[in-house]
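Structure first, then comments.
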2 protein chains.
Amino acid sequence: MSAAKQDVFQAIADPTRRKVLEMLAKEELPITKIKENFSVSRTAIVKHLHILTEANLVRSRKVGREKLYVLHPGPLVEVRDWLNYYEQFWNNKLSMLKHLVEDDDQS
Amino acid sequence: MSAAKQDVFQAIADPTRRKVLEMLAKEELPITKIKENFSVSRTAIVKHLHILTEANLVRSRKVGREKLYVLHPGPLVEVRDWLNYYEQFWNNKLSMLKHLVEDDDQS
DNA sequence: AAATTATAACACCTAAAGGTTACATATCGA
DNA sequence: TCGATATGTAACCTTTAGGTGTTATAATTT
């Protein structure tokens, strides 16, 4: 009965959404306050908040006429777990894969 | 003079690309071999490889008529650094933010 | 009660993402 | 050299992402 949940990787792909997450990590904020930090419309921000909510990365509660959003970091564990698999490569623990991290990295 | 580089967060947002990365972490592979693991067309795979290349997540070299791809994990550091900022929340180190990780997580 | 403020709900637009088919080119093996 | 194999790429299609503006509803303030 659950609608197709938004993928956390897809949710954090957008720079605006990452910035929103950063704001909500520091404090609980209503939509209007969040919007103040961006040049896009409030409607656009609301859409991003919907996506973040579907990915379970934020939670909201209604207080008076305001809707307050806050970070819910739980799903980020999935990203961390995914990353952990690749840690071994830049940690240089597998000598047979040493060449992968030895060459110059122009990024 | 550099073309707008692909964002690594955007590059890893697609499940197919993540699966490709996983394959290339294990061994260097030509396009045709990569394609065998997916039901999409070879052209689609090539496009994904282009995006991964632009994000500098893979490297390739031509050997005979084959083009061999391999993982280049370097740019993943950016994701790790980004994640590290959020580690504190699920590590429960900031008591004032305890409520963020205490509630049930239905994911 | 009236004016203001915060959010919700639509309808709509454009560009990009992700996919396809078709065709061209290059290399290998016999 | 010829056929099979590997890749490059152009043209096209459909869906979605990210954005807009407008209108409606609910709570607050004066």
Side-chain angles (χ1 to χ4, degrees), chain A residues 2-24 27-71 75 79, chain B residues 3-24 27-72 75 79:
Chain A
S2 69
K5 194 84 85 40
Q6 207 37 64
D7 179 30
V8 61
F9 286 93
Q10 208 272 324
I12 65 173
D14 184 89
T16 299
R17 286 197 289 271
R18 287 200 299 278
K19 201 173 164 194
V20 168
L21 288 179
E22 198 181 333
M23 293 177 63
L24 296 179
E27 50 180 337
E28 197 177 32
L29 289 171
I31 298 175
T32 306
K33 286 284 181 189
I34 297 171
K35 187 255 168 290
E36 285 173 8
N37 289 264
F38 301 90
S39 54
V40 297
S41 70
R42 185 188 54 81
T43 313
I45 297 295
V46 170
K47 283 192 183 179
H48 285 307
L49 286 169
H50 280 331
I51 290 171
L52 290 172
T53 301
E54 276 174 13
N56 205 23
L57 279 169
V58 300
R59 295 273 170 97
S60 61
R61 65 193 178 103
K62 198 141 190 207
V63 176
R65 64 180 162 182
E66 289 187 326
K67 195 166 182 182
L68 302 179
Y69 283 85
V70 69
L71 176 72
V79 181
Chain B
K5 194 85 86 42
Q6 239 346 100
D7 179 31
V8 60
F9 287 92
Q10 208 271 323
I12 66 172
D14 185 89
T16 299
R17 287 196 289 269
R18 287 200 299 278
K19 200 173 164 193
V20 168
L21 287 180
E22 197 182 334
M23 293 178 63
L24 297 179
E27 51 180 338
E28 197 179 31
L29 289 170
I31 297 175
T32 305
K33 287 285 180 188
I34 298 170
K35 187 255 170 288
E36 286 174 7
N37 289 264
F38 301 91
S39 54
V40 297
S41 69
R42 179 186 55 86
T43 312
I45 296 296
V46 169
K47 285 190 183 178
H48 284 307
L49 287 170
H50 281 332
I51 290 171
L52 290 173
T53 301
E54 278 175 12
N56 206 22
L57 280 168
V58 299
R59 295 272 170 96
S60 61
R61 63 193 179 104
K62 197 138 188 210
V63 175
R65 64 182 158 180
E66 291 187 327
K67 192 167 185 183
L68 303 179
Y69 283 84
V70 69
L71 176 72
H72 179 71
V79 181

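Only heavy atoms go into these numbers, but all of them, side chains included; no hydrogens, no water, no symmetry mates. To find a chain, count down the sequence lines: A is the first, B the second, and so on, and within it residues start at 1.
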Could you go step by step and tell me if B:F38 and B:M23 meet the side-chain contact (heavy atoms from CB on, under 4.5 Å) rule?
CA-CA 12 Å; B:F38 301 91; B:M23 293 178 63; 3.8 Å; yes
When rounded to whole Å, the CD to P distance for the pair A:E36 and C:dT5 reads 13 Å
I'd like to know if B:K47 pairs up with B:D14 as an ion pair, taking the criterion as any Lys NZ or Arg NE/NH1/NH2 lying under 4.0 Å from an Asp or Glu carboxylate oxygen.
no
Under the 3.5 angstrom rule, does the side chain of A:K35 hit a backbone N or O of A:T43 as a donor-acceptor pair?
no
How large an angle, rounded to 10°, do the end axes of the helix from C:dA1-D:dT30 to C:dA30-D:dT1 enclose when each is built from five base pairs?
30°
Indicate the atoms forming the closest heavy-atom contact of A:I12 with A:R18, along with that distance.
O-NH1, 2.7 Å
Is the phosphate of C:dT5, meaning OP1 or OP2, less than 4.0 Å from a side-chain N or O of A:T32?
no
Quick one: are A:L49 and A:I34 in side-chain contact, heavy atoms under 4.5 Å?
yes
Atom CG of B:L68 to atom P of D:dG8: distance rounded to whole Å?
11 Å
Using whole Å, what does the distance between atom C1' of nucleotide D:dT7 and atom CD1 of B:I34 come to?
12 Å
A side-chain contact here means heavy atoms from C-beta on lying under 4.5 Å apart; do A:E28 and A:R59 qualify?
no
List the steps and the verdict of side-chain contact (heavy atoms from CB on, under 4.5 Å) for B:R17 and B:L21.
CA-CA 6 Å; B:R17 287 196 289 269; B:L21 287 180; 5.6 Å; no
For every nucleotide of nucleotides 17-30 of chain C, 5' to 3': is a protein heavy atom under 4.0 Å from its base (B), only from its sugar-phosphate (S), or from neither (-)?
-SBBBB----BS--
Rounding to an integer number of Å, can you tell me how far A:K35 NZ sits from D:dG21 P?
10 Å
Do you know which two heavy atoms are closest between A:P75 and A:V8, and how far apart they sit?
O-CG2, 4.0 Å
Mind calculating the distance between CD1 (A:I45) and P (C:dA8) to the nearest angstrom?
13 Å
d(CD, A:E54; P, D:dG18) in whole Å
12 Å
Tell me the closest heavy-atom pair linking B:Y69 and B:L24, and the distance in Å.
O-CD2, 3.4 Å
To the nearest Å, give me how far apart CD (A:E66) and P (C:dT7) are.
6 Å
Could you check how far NZ of A:K67 sits from P of C:dA9, rounded to whole Å?
8 Å
